[in-house]
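Below you'll find the structure, written out as structure tokens, and then a few comments.
All values reported here derive from a predicted model rather than from experimental measurement. A note on names: the letters A, B, ... follow the listed sequences, proteins ahead of strands, and every chain is numbered from 1.
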Protein chains: 2
Amino acid sequence: MHGDPVQAFDKAFELAARLAEVMRHALAERDLTPSRAEVIYVLAREGAVMQRALAEALRCTPRHVTGLVDQLQDAGLVERRPHPDDRRATSVALTTKGAATARWITESRHTAASALLGDVPGDDLAAFVRVADLILRQIAP
Amino acid sequence: MHGDPVQAFDKAFELAARLAEVMRHALAERDLTPSRAEVIYVLAREGAVMQRALAEALRCTPRHVTGLVDQLQDAGLVERRPHPDDRRATSVALTTKGAATARWITESRHTAASALLGDVPGDDLAAFVRVADLILRQIAP
DNA sequence: TATTGTTATACTCTATAACTATA
DNA sequence: TATAGTTATAGAGTATAACAATA
């Protein structure tokens with residue numbers, strides 16, 4: 001069974017479902033959800049960001065961002081600040097605790113990657129990334 | 001950047017999120033959700049199945065199966081029948097329309113697999129499946 | 001008039017707990 | 001007493017629409 005597209009396709013979906021489950025479970029340890037974690041990830045990468053920009057980054061509605069930021073703010077991970085140039089807008093940024101959570105996420109990623117993939121031959125990993133990239137390009141938004 | 005575990009790990013998650021989104025979108029065309037589609041998939045593979053067994057196959061609660069079967073029954077895709085040996089139990093099976101939907105799912109899978117992976121070299125596909133299998137074994141339930 | 005964010009409302013997916021009918 | 005399924009209830013995630021303040 002070498003290189004059957006349907007087999008690889010099914011495998012990708014099975015992997016998708018299981019990884020999502022594992023990720024939800026790991027994030028729950030810090031009372032995070034995939035969406036909340038993505039907010040933290042975006043803020044760690046980009047610094048202070050308008051809620052509107054968050055909605056675009058997460059591809060969700062502004063209303064939903066309000067809720068996510070509410071939750072993260074209640075948990076002390078982010079803070080709202082008035083936008084310096086536009087008094088309608090709200091700027092969101094990580095708190096010290098939020099930055100620590102971002103580091104925890106990064107470390108967990110590295111730890112899990114080593115545990116799951118540390119023994120995989122480099123050529124196989126490279127092929128995996130090639131195929132994944134190809135799929136991602138073809139289903140790009 | 002040949003064979004970085006963290007890169008492959010991140011790629012797997014990105015792929016997971018996008019494929020889930022694509023699948024939800026494709027299934028919505030027939031008013032299906034991933035869970036409802038999985039019920040159909042199980043029934044297509046195993047024939048008539050007790051609701052209790054469905055709950056185990058989907059790794060969800062019996063209560064949730066009640067709801068899923070209700071929805072699929074309303075849509076005319078499955079039917080409930082009394083279990084021949086146990087009057088407490090309910091047996092669920094595909095209707096003719098449900099069997100047709102199962103075939104549509106299979107065809108869609110093949111079509112999408114060809115479109116997304118038809119041009120990928122066989123060796124890369126095989127490596128992709130190898131890595132995916134390795135990850136799946138390590139995070140097995 | 002258009003845009004930022006919020007309040008109000010609702011739908012879907014999923015879970016726990018209590019209950020009924022059977023085993 | 002234990003099991004199969006259902007009713008009742010609840011919580012998370014997400015969406016649309018109407019509205020406030022500001023641009």
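Two residues are said to be in side-chain contact when any heavy atoms from C-beta on lie closer than 4.5 Å; B:I139 and A:L19 meet this criterion. A:V131 is listed as a side-chain neighbour of B:L117, based on a closest heavy-atom distance under 4.5 Å. Two residues are said to be in side-chain contact when any heavy atoms from C-beta on lie closer than 4.5 Å; A:P62 and A:Q51 fail this criterion. Contact of the B:L32 side chain with the B:W104 side chain is registered, since non-hydrogen atoms from C-beta on lie closer than 4.5 Å.
Atoms OG1 and CZ, on A:T101 and A:R30 in that order, are 5.5 Å from each other to the nearest 0.5 Å.
Nearest-nucleotide assignment on DNA chain D puts the 5′-proximal partner with B:T90, out of B:T90 and A:D86. Mapping A:D85 and B:M50 onto DNA chain D by nearest heavy atom places B:M50 closer to the 5' end of the strand.
Applying the 3.5 Å distance criterion, the base of C:dT22 shares no donor-acceptor pair with the side chain of B:R87.
Between A:Q51 atom CD and D:dA20 atom P the separation is 19 Å, expressed in whole Å. Counting to the nearest Å, the C1' atom of D:dT22 and the NE2 atom of A:H83 are 13 Å from each other. Atom CD of B:E21 is separated from atom P of D:dA15 by 10 Å (rounded to the nearest Å). Rounded to an integer number of Å, the gap from CG of A:L72 to P of D:dA12 is 14 Å. Spacing between atom CG of A:L58 and atom P of D:dA15 amounts to 10 Å, rounded to whole angstrom units. Here D:dT14 presents its C1' atom at 14 Å from CD of A:E38, a figure rounded to the nearest Å.
Closest heavy-atom contact between A:K11 and B:A132: CG-CB, 3.5 Å.
Distances shorter than 4.0 Å separate none of the side-chain N or O atoms of B:R52 from OP1 or OP2 on D:dA2. Between A:R88 and D:dA21 there is no side-chain polar atom (N or O) within less than 4.0 angstrom of OP1 or OP2.
A:T66 comes within contact range of at least one nucleobase, with a heavy-atom separation under 4.0 Å. Residue contacts for B:R80: at a heavy-atom cut-off of 4.0 Å it reaches the sugar-phosphate backbone alone, with no base atom in range.
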Base-contact (B) and sugar-phosphate-only (S) positions in nucleotides 10-17 of chain C, heavy-atom cut-off under 4.0 Å, - elsewhere: ---SBSB-
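Between the side chain of A:R36 and the main chain of A:D31, a donor-acceptor pair closer than 3.5 Å is present.
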